[in-house]
Novice: 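Handing you a structure now.
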Amino acid sequence: MTGQRLRVLIVDDEHLARERLKRMIEAATPHEVVGEASNGLIALEQCEALLPDVVLLDIRMPGMDGLETARHLAGQEAPPAVVFCTAYEEHAVQAFDLLAVGYLLKPVRKEQLVRALAQLTRINKAQLTALAEADGSSVRTHVAARTHKGIELIALERIRYFQADHKYVTVGYDAGEVVVDETLRDLEQEFGGRLIRVHRNALVAAAHITALERGESGSVTIRLDGVDQSLDVSRRHVAGVRKAIQEL
């Protein structure tokens with residue numbers, strides 16, 4: 001990316017911080033600021049619409065923070081480069097250096113900004129996962145789906161189940177269903193005790209279980225609040241589901 005005129009998106013919940021970065025970029029670099037965003041959701045929408053080459057991304061933002069935003073960006077077909085903006089102390093910055101992840105320390109200096117924009121690299125999911133673990137925020141609060149509306153973020157507490165069908169995973173939540181580019185195995189590992197495996201093709205949200213029901217044929221199904229249809233529980237998972245429910 002070096003040597004080219006970059007399209008830059010600035011993401012920070014503080015208006016003054018965004019304005020300061022914009023002024024520095026316009027005064028000290030040949031690059032173009034194509035947009036601004038005050039939170040992670042707007043950042044994802046802006047990336048879809050504006051296709052920036054690089055995102056200057058604040059880490060500490062209310063709601064979905066910068067690390068989670070970057071993990072969603074990394075799942076896009078053509079993800080932008082990401083440079084994190086952080087007020088971390090020296091010991092925490094070691095994680096960025098170790099993982100070769102671009103960052104700017106606040107308050108950002110002009111020389112630091114110019115250097116970061118000249119040394120861009122794409123960040124991958126493995127780096128982001130390791131960085132999130134170092135930060136103590138390895139579990140996402142949302143899952144992202146690409147719908148006719150663009151990117152739609154579903155908060156984890158709204159989700160009732162994940163169900164796999166061939167290569168797709170459907171998310172059932174309080175407003176309907178969407179399809180996500182995830183695997184049940186990855187979701188189960190990431191969200192741990194908040195999800196219970198009820199079938200080889202289904203995970204359910206423990207907090208939304210209302211009942212286990214046994215049919216006349218001996219089959220077992222599970223009911224979730226806000227979901228009209230019950231989900232099948234496979235025989236091999238019945239005991240584990242019962243135990244998990246008792247431990248809630």
Side-chain angles (χ1 to χ4, degrees), residues 40-41 44 59-72 74-75 95 125-126 128-147 151-248:
L41 175 56
L44 294 176
I59 286 185
R60 291 289 179 251
M61 295 186 294
M64 187 170 62
D65 67 15
L67 291 176
E68 182 171 355
T69 302
R71 294 174 78 180
H72 290 302
K125 290 185 177 181
L128 286 168
T129 298
L131 192 59
E133 289 174 350
D135 182 62
S137 58
S138 58
V139 178
R140 289 175 292 166
T141 58
H142 298 72
V143 296
R146 188 169 282 105
T147 71
I151 290 183
E152 190 172 346
L153 291 178
I154 314 298
L156 188 61
E157 60 264 24
R158 299 178 63 192
I159 293 172
R160 275 33 177 191
Y161 62 86
F162 294 94
Q163 191 165 36
D165 181 16
H166 300 295
K167 62 180 180 179
Y168 300 106
V169 171
T170 296
V171 181
Y173 68 114
D174 57 8
E177 292 183 340
V178 291
V179 175
V180 295
D181 185 18
E182 307 263 8
T183 69
L184 290 185
R185 178 181 295 180
D186 289 346
L187 289 164
E188 186 175 24
Q189 289 178 347
E190 180 177 0
F191 296 119
R194 299 183 69 170
L195 298 177
I196 297 174
R197 172 80 67 166
V198 298
H199 197 280
R200 62 179 177 79
N201 71 350
L203 301 167
V204 302
H208 294 288
I209 295 172
T210 58
L212 271 181
E213 298 176 340
R214 184 176 293 277
E216 293 181 1
S217 63
S219 62
V220 177
T221 58
I222 195 164
R223 297 201 68 86
L224 305 165
D225 67 74
V227 179
D228 293 335
Q229 298 285 83
S230 57
L231 298 180
D232 291 335
V233 179
S234 65
R235 289 183 179 180
R236 63 176 295 191
H237 288 100
V238 169
V241 171
R242 289 189 188 280
K243 180 180 179 182
I245 292 174
Q246 290 171 356
E247 294 174 351
L248 293 178

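Since the model is a prediction, treat every value here as computed from it, not as a measurement. The residues of the chain are indexed from 1 along the displayed sequence. Below, all heavy atoms of this structure are taken into account, side chains as well, without hydrogens, waters or symmetry copies.
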Novice: Using side chain to side chain donor-acceptor pair (under 3.5 Å) as the criterion, point out the one residue from His208, Glu177, His199 that pairs with Tyr161.
Specialist: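 Single pass found, and it is Glu177.
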
Novice: Any heavy-atom pair between the side chains of Leu187 and Arg140 that's under 4.5 Å?
Specialist: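 Yes. Closest side-chain heavy atoms under 4.5 Å.
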
Novice: If you compare all heavy atoms of Ala145 against all heavy atoms of Val180, which two are closest, and at what distance to 0.1 Å?
Specialist: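 Where Ala145 meets Val180 most closely, the heavy atoms are CB-CG1, 3.8 Å.
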
Novice: Provide the closest heavy-atom pair for Ala206 versus Gly193 in the form atom of the first, atom of the second, distance.
Specialist: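 Smallest heavy-atom distance, with atoms named: CB-O, 4.1 Å.
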
Novice: Does a side-chain heavy-atom distance below 4.5 Å link Ile209 with Ile196?
Specialist: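 Yes - at least one pair of side-chain heavy atoms lies under 4.5 Å apart.
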
Novice: Output, in order, the C-alpha distance, side-chain angles, deciding distance and verdict of side chain to side chain contact (heavy atoms under 4.5 Å, CB included) for Arg146 and Val178.
Specialist: CA-CA 8 Å; Arg146 188 169 282 105; Val178 291; over 6 Å; no

Novice: Just wondering, do Leu203 and Phe191 contact through their side chains at under 4.5 Å, heavy atoms?
Specialist: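 A side-chain contact is absent here, since even the closest heavy-atom pair is not under 4.5 Å.
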
Novice: Taking it one step at a time, do His72 and Leu153 satisfy side chain to side chain contact (heavy atoms under 4.5 Å, CB included)?
Specialist: CA-CA 10 Å; His72 290 302; Leu153 291 178; 4.0 Å; yes

Novice: Is Glu68 reaching over with its side chain to a backbone N or O of Thr141, donor-acceptor style, under 3.5 angstrom?
Specialist: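 Indeed, once roles are kept as given, a pair shorter than 3.5 Å links the two residues.
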
Novice: Below 4.5 Å, heavy atoms only, C-beta onward: do Thr170 and Asp165 meet side chain to side chain?
Specialist: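 No. Closest side-chain heavy atoms not under 4.5 Å.
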
Novice: Could you tell me which non-hydrogen atom of Ala164 sits nearest to which non-hydrogen atom of Leu184, and how far apart they are?
Specialist: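 In terms of heavy atoms, the two residues are closest at CB-CD1, 3.7 Å.
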
Novice: Can you list the residues that meet the side chain to side chain donor-acceptor pair (under 3.5 Å) rule with Thr210, with sequence neighbours excluded?
Specialist: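 Not a single residue meets the side chain to side chain donor-acceptor pair (under 3.5 Å) criterion with Thr210.
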
Novice: According to the salt bridge (charged side-chain N to carboxylate O under 4.0 Å, His left out) rule, which pairs have a member within residues 193-208, sequence neighbours left out?
Specialist: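 Listed once each, the pairs are Glu188-Arg197.
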
Novice: Name each donor-acceptor pair under 3.5 Å that joins a side chain in residues 227-237 to protein atoms two or more places apart or in another chain, with its distance.
Specialist:
| residue | atom | partner | partner atom | Å |
| --- | --- | --- | --- | --- |
| Ser234 | OG | His237 | ND1 | 2.7 |

Novice: Apply side chain to side chain contact (heavy atoms under 4.5 Å, CB included) to Ala155 and list each qualifying residue two or more places apart in sequence or on a separate chain.
Specialist: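 For Ala155, the residues satisfying side chain to side chain contact (heavy atoms under 4.5 Å, CB included) (neighbours in sequence not counted) are His142, Glu157, Arg158.
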
Novice: Please report the shortest heavy-atom distance between Leu224 and Ala205, naming the atom on each side.
Specialist: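 Looking at all heavy atoms of both residues, the shortest contact is CD2-O, 4.3 Å.
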
Novice: Just to verify, what does Ser217 make a side chain to side chain contact (heavy atoms under 4.5 Å, CB included) with, not counting sequence neighbours?
Specialist: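 Result, side chain to side chain contact (heavy atoms under 4.5 Å, CB included) vs Ser217: Ser219.
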
Novice: So, do Met61 and Thr69 sit near enough that their side-chain heavy atoms are less than 4.5 Å apart?
Specialist: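 Yes - at least one pair of side-chain heavy atoms lies under 4.5 Å apart.
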
Novice: So how far is it from Leu195 CG to Leu156 CG, rounded to the nearest 0.5 Å?
Specialist: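 Those atoms lie 6.5 Å apart.
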
Novice: Sequence neighbours left out, what passes side chain to side chain donor-acceptor pair (under 3.5 Å) with Thr221? Give chain and number order.
Specialist: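 In terms of side chain to side chain donor-acceptor pair (under 3.5 Å), with neighbours along the sequence ignored, Thr221 is linked to no residue.
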
Novice: Working to the nearest 0.5 Å, report the span between CG of Leu67 and CD1 of Ile59.
Specialist: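 Between atom CG of Leu67 and atom CD1 of Ile59 there are 4.5 Å.
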
Novice: Is the number of heavy atoms from other residues, nucleotides or ligands within 6.0 Å of CG (Asp181) greater than 12?
Specialist: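 It does not: Asp181 CG has 12 such atoms or fewer within range.
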
